[in-house]
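Just so it is clear, the model here is predicted, and its values are computed rather than measured. The analysis underlying the following values was restricted to heavy atoms, covering all of them including side chains, and did not include hydrogens, waters or symmetry mates.
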Amino acid sequence: MEAFNIPATPSLMKEFLRQTGGVAVVDGGLATELERHGADLNDPLWSAKCLLTSPHLIRSVHLDYLEAGADIIITASYQATIQGFEAKGFSREQSESLLKKSVETALEARQMYYERCSKSSSDGIGDGKILKKRPILVAASVGSYGAYLADGSEYSGYYGDAVTVEVLKEFHRRRVQVLAGAGPDLIAFETIPNKIEAQAYAELLEEEHLKIPAWFTFNSKDGVNVVSGDSLLQCTSIAESCKQVVAVGINCTPPRFIHDLILAIKKVTTKPIVIYPNSGERYDADRKEWVVSLYSFFSLDDT
């Protein structure tokens with residue numbers, strides 16, 4: 001990002017948005033596109049499995065999104081944890097290397113995209129692709145503790161009484177250190193299902209003195225609270241109070257809830273708002289698949 005002079009500081013997102021005209025486009029679903037390219041993701045590692053088997057597919061999907069106009073690409077590390085890799089038989093060193101690879105692959109895709117832009121003779125759009133050199137952020141994804149469990153608990157927010165803020169901090173600590181050290185522009189803490197995990201992330205950022213900003217995105221199933229039932233306003237306030245959090249918002253949430261959630265978030269934060277909902281389907285933890293909701297095909301005006 002040096003070419004566009006966007007500092008990796010708490011002002012990163014506001015400066016980035018200034019250069020993009022006030023609005024930036026986040027990429028789309030990674031796993032869906034990997035499966036479309038032929039990847040088999042039926043595994044507790046989910047999309048992170050491709051870091052082992054086919055990193056070239058991940059790079060290809062990143063490139064597809066950049067050529068479709070994405071300004072921010074999110075790494076394939078949502079389900080990638082040191083604990084998850086070790087459970088597969090990898091050493092600590094190998095596990096950390098795979099985490100780094102998720103960031104390196106996205107950075108490679110951005111560089112390849114810039115090279116394609118330089119070689120393009122069009123005015124920015126050619127063969128249905130957008131080839132325009134512009135500020136692009138690489139966000140290193142950190143999925144919730146529930147994502148590691150691979151039991152759907154990131155969609156319920158219930159981890160059990162034994163999982164405290166301290167437990168969550170120690171679970172995520174080394175993972176966040178490794179991802180931050182790999183050179184992304186920011187850390188994306190995604191699909192945060194409850195208040196204690198938001199608190200753990202905020203404390204972790206402050207304790208580690210990481211020289212990299214972050215965003216927090218929560219998920220909701222009722223359009224009012226996060227999925228655990230914790231107050232969205234309280235969760236957002238945690239993000240608002242953390243200096244390293246440069247944006248806050250919602251992901252993996254039915255589109256029909258987004259408008260009201262944005263209005264609620266704006267009551268307690270001055271930070272830029274990031275939104276990337278799901279398709280409106282519902283996750284079935286028993287079947288380990290997304291199923292069509294009655295509301296999936298309704299517009300916001302219909303609900």
Side-chain angles (χ1 to χ4, degrees), residues 8-18 20 22-26 71-72 74 78 137 139-147 154-159 163-166 168-169 172 176 185-210 212-278 300 303:
T9 67
S11 64
L12 173 137
M13 190 57 69
K14 289 184 178 179
E15 176 59 22
F16 175 67
L17 290 173
R18 187 188 68 80
T20 60
V23 176
V25 178
V26 183
D71 303 303
I72 303 171
I74 301 175
Y78 176 85
L137 294 182
S141 173
V142 173
S144 68
Y145 178 71
E154 74 263 47
Y155 306 115
S156 71
Y158 180 68
Y159 296 160
V163 179
T164 63
V165 169
E166 292 301 319
L168 290 170
K169 283 196 292 186
H172 289 293
V176 170
D185 300 299
L186 62 98
I187 303 287
F189 293 98
E190 303 186 279
T191 322
I192 306 172
N194 52 42
K195 186 167 66 174
I196 64 165
E197 196 146 28
Q199 188 64 44
Y201 290 148
E203 292 183 16
L204 194 57
L205 286 170
E206 293 174 0
E207 290 172 7
E208 292 299 317
H209 305 291
L210 298 174
I212 185 170
W215 79 38
F216 284 11
T217 53
F218 301 92
N219 57 337
S220 174
K221 59 187 176 185
D222 62 5
V224 178
N225 301 305
V226 298
V227 293
S228 65
D230 291 339
S231 164
L232 173 65
L233 298 183
Q234 290 181 9
C235 291
T236 303
S237 294
I238 292 170
E240 173 68 10
S241 66
C242 183
K243 292 181 180 178
Q244 282 177 266
V245 175
V246 297
V248 60
I250 299 292
N251 77 298
C252 202
T253 293
R256 68 186 185 277
F257 294 144
I258 296 301
H259 179 263
D260 287 344
L261 290 169
I262 292 173
L263 295 180
I265 289 170
K266 289 179 70 174
K267 292 178 181 178
V268 291
T269 187
T270 58
K271 302 177 191 287
I273 295 177
V274 55
I275 297 292
Y276 45 118
N278 60 25
L300 288 173
T303 58

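- In this structure, Gln244 contributes its side chain and Ile212 its backbone to a donor-acceptor pair below 3.5 Å.
- When each of Val274, Leu137, Leu186 is checked for a side chain to side chain contact (heavy atoms under 4.5 Å, CB included) with Ile72, only Leu137 meets the rule.
- One finds the OG1 atom of Thr20 at 9.0 Å from the CE atom of Met13 (value rounded to the nearest 0.5 Å).
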Criterion side chain to side chain contact (heavy atoms under 4.5 Å, CB included) on Gln234 and Asp230, from CA distance to verdict = CA-CA 8 Å; Gln234 290 181 9; Asp230 291 339; 5.9 Å; no
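- A donor-acceptor pair under 3.5 Å is absent between the side-chain atoms of Asn219 and the main chain of Cys252, judged by distance alone.
- Using modelled atom types, no side-chain atom of Ser141 and backbone atom of Ile74 make a donor-acceptor pair closer than 3.5 Å.
- Here the OG-CG distance, from Ser220 to Leu261, works out to 5.0 Å after rounding to the nearest 0.5 Å.
- Distance alone, capped at 3.5 Å, places no donor-acceptor pair between the Thr269 side chain and the Lys266 backbone.
- Within the 3.5 Å criterion, the main-chain N or O of Val245 finds a donor-acceptor partner in the side chain of Lys271.
- Side chain of Glu197 to main chain of Tyr145: a donor-acceptor pair is present (N/O by atom type, distance under 3.5 Å, no hydrogens or angles).
- The main-chain N or O of Gly223 is never found under 3.5 Å from a side-chain atom of Asp260 such that the two would form a donor-acceptor pair.
- The CD1 atom of Ile196 sits 8.5 Å away from the OG atom of Ser228 when rounded to the nearest 0.5 Å.
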Worked check of side chain to side chain contact (heavy atoms under 4.5 Å, CB included) between Phe218 and Val248 = CA-CA 8 Å; Phe218 301 92; Val248 60; 3.9 Å; yes
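- By the 4.0 Å N-to-carboxylate-O rule, Lys243 lies too far from Glu206 to be salt-bridged with it.
- With values rounded to the nearest 0.5 angstrom, Lys169 atom NZ is found 9.5 Å from Glu208 atom CD.
- Side chains of Glu203 and Val165 form a contact here, defined as non-hydrogen atoms less than 4.5 Å apart.
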Can Val176 and Leu204 be said to form a side chain to side chain contact (heavy atoms under 4.5 Å, CB included), step by step?
-> CA-CA 9 Å; Val176 170; Leu204 194 57; 4.0 Å; yes
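- Summarising the geometry, atom OG1 belonging to Thr217 is positioned 12.5 Å from atom CD1 belonging to Ile273; distances are rounded to the nearest 0.5 Å.
- Minimum heavy-atom separation, Phe189 to Ala214: CE1-CB, 3.7 Å.
- Across Val246, Leu205, Thr236, a single residue satisfies side chain to side chain contact (heavy atoms under 4.5 Å, CB included) together with Phe216, and that is Leu205.
- Contact between Ile238 and Lys195 at its shortest, heavy atoms only, is CD1-CG, 3.5 Å.
- Remark: side-chain polar atoms of Thr253 are not paired, donor with acceptor, to backbone N or O of Ile250 under 3.5 angstrom.
- The shortest heavy-atom contact between Tyr159 and Pro193 is OH-CG, 3.2 Å.
- The side-chain heavy atoms of Pro213 and Asp185, taken from C-beta on, include no pair separated by under 4.5 Å.
- At a threshold of 4.5 Å between non-hydrogen side-chain atoms, the residues Ile262 and Ile275 count as touching.
- Judged by distance alone, the side chain of Glu190 and the main-chain N or O of Ser144 form no donor-acceptor pair under 3.5 Å.
- Within the 3.5 Å criterion, the main-chain N or O of Pro277 finds no donor-acceptor partner in the side chain of Asn251.
- For the residue pair Phe16 and Asp71, the shortest heavy atom distance occurs at CZ-O, 3.6 Å.
- Here the SG-CD distance, from Cys242 to Gln199, works out to 9.5 Å after rounding to the nearest 0.5 Å.
- At least one side-chain heavy atom of Leu168 sits under 4.5 Å from a side-chain heavy atom of Val163.
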